[in-house]
Amino acid sequence: LHNIPMSAIAKDSNAAIGTIYHHFRNKEELVKALYSEIHHELEEAIRQEEIDTKNFPLEFKALMLRIFKFFIQNPVKFSFLQQYEHSPYGSDTEELESNVEYPILPDFFKFGQEKRLIKMLPLSLITNIVYSNVTLLVRLQLSKKVDLNREMLELVINTCWMMIKA
């Protein structure tokens, strides 16, 4: 992302470079806007079903599956988010977290901590543990290094639950 010139972005998007600069001051602003849009889509996919906090472990597993499915169904968006989060644009953790418009995972984990259902670790650590495990599964599935059938996916998600449960 960092090394792609705006002229290449304009060419690949079939847009005039002037049009891009009319909407975005620079490439950094464009990339951050795209990150925010994709992150918003992810949050909407997670929220498609109402979150049931009555059965926290079951809802945790359902949330993990929703994130996994979103990324598997949107591999280009997944790739972009991964590149962004490991680029100079996403290297500022504080700025990255402030860009999260819908902090569904931290809020969900905060509820779990308040009810003493998950470990009392910093929310950012729990969120990153869970998110990094899901993204690892997605990378493995997309690369075809592992064929994650439903049973194996549920086993890995259960293992992740065991890592954070109180």
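Quick note: numbers below take in every heavy atom, side chains included, and nothing from hydrogens, waters or symmetry partners.
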Would you check if the side chain of Q83 reaches a backbone N or O of F78 as a donor-acceptor pair within less than 3.5 Å? no
Heavy-atom count check: over 12 atoms from other residues, nucleotides or ligands less than 6.0 Å from K110 NZ? no
CG-OG1 distance between N14 and T19, expressed to the nearest 0.5 angstrom: 11.5 Å
What is the distance from atom CD1 of I126 to atom CE of M163, rounded to the nearest 0.5 Å? 10.5 Å
Is it true that K77 and E41 have a side-chain N and a carboxylate O under 4.0 angstrom from each other? yes
Heavy-atom nearest pair, K27 first then M6, reads CB-SD, 3.5 Å
Would you check, one step at a time, whether the test side chain to side chain contact (heavy atoms under 4.5 Å, CB included) holds for I118 with F56? CA-CA 10 Å; I118 62 174; F56 194 87; 3.7 Å; yes
Do S79 and L142 make a side-chain contact, defined as non-hydrogen atoms from C-beta onward lying under 4.5 Å apart? no
So, do R47 and I104 sit near enough that their side-chain heavy atoms are less than 4.5 Å apart? yes
Could you walk me through whether F109 and I164 pass the side chain to side chain contact (heavy atoms under 4.5 Å, CB included) test, one step at a time? CA-CA 10 Å; F109 295 138; I164 68 165; 4.1 Å; yes
Which value, rounded to the nearest 0.5 Å, describes the distance between Q48 atom CD and I46 atom CD1? 10.0 Å
A16 and A10 have their tightest heavy-atom pair at C-CB, 4.4 Å
Out of curiosity, does L58 fall in the hydrophobic cluster containing M162 (side-chain heavy atoms, cut-off under 4.5 Å, transitive links)? no
Is it the case that more than 12 heavy atoms not belonging to E151 sit under 6.0 Å from its CD atom? no
Could you check if a side-chain atom of Q141 sits within less than 4.5 angstrom of a side-chain atom of L153, using non-hydrogen atoms only? no
Common cluster, L140/L155, ILVMFWY with side-chain heavy-atom separation under 4.5 Å: no
Give the intermediate values and the outcome of side chain to side chain contact (heavy atoms under 4.5 Å, CB included) for residues I67 and V130. CA-CA 10 Å; I67 296 168; V130 171; 5.6 Å; no
In terms of heavy-atom contacts, I38 and F70 come closest through O-CZ, 4.4 Å
Could you tell me whether a side-chain N or O of H86 sits under 3.5 Å from a main-chain N or O of Q82, the two making a donor and an acceptor? yes
Considering only NZ, NE, NH1 and NH2 on the basic side and carboxylate oxygens on the acidic side, decide whether E44 and R66 come within less than 4.0 Å. no
Count the heavy atoms belonging to other residues, nucleotides or ligands that lie under 6.0 Å from CE of M120, then report whether that count exceeds 12. yes
Tightest non-hydrogen contact, residues M152 and L148, listed as SD-CD2, 3.6 Å
Backbone N/O of K119 and side chain of Q113: donor-acceptor pair under 3.5 Å: yes
Give the minimum heavy-atom separation between L81 and Y35, together with the two atoms involved. CD2-CD1, 3.4 Å
Looking only at the aromatic ring of each residue, does the gap between the centers of F108 and F60 stay below 6.0 angstrom? no
Beyond-backbone contact of K165 with P57, side-chain heavy atoms, under 4.5 angstrom: no
Please report the interatomic distance CG(L30) to OH(Y21), rounded to the nearest 0.5 Å. 9.0 Å
Apply side chain to side chain contact (heavy atoms under 4.5 Å, CB included) to the pair R150 and L65, showing each step before the final yes or no. CA-CA 10 Å; R150 180 75 176 199; L65 281 172; 3.5 Å; yes
Residues N128 and S124: closest non-hydrogen pair is ND2-O, 2.7 Å
Can you tell me how far the OH atom of Y131 sits from the CD atom of E85, to the nearest 0.5 Å? 4.0 Å
Hey, could you give me the OG1/CG distance between T127 and L121, rounded to the nearest 0.5 Å? 10.5 Å
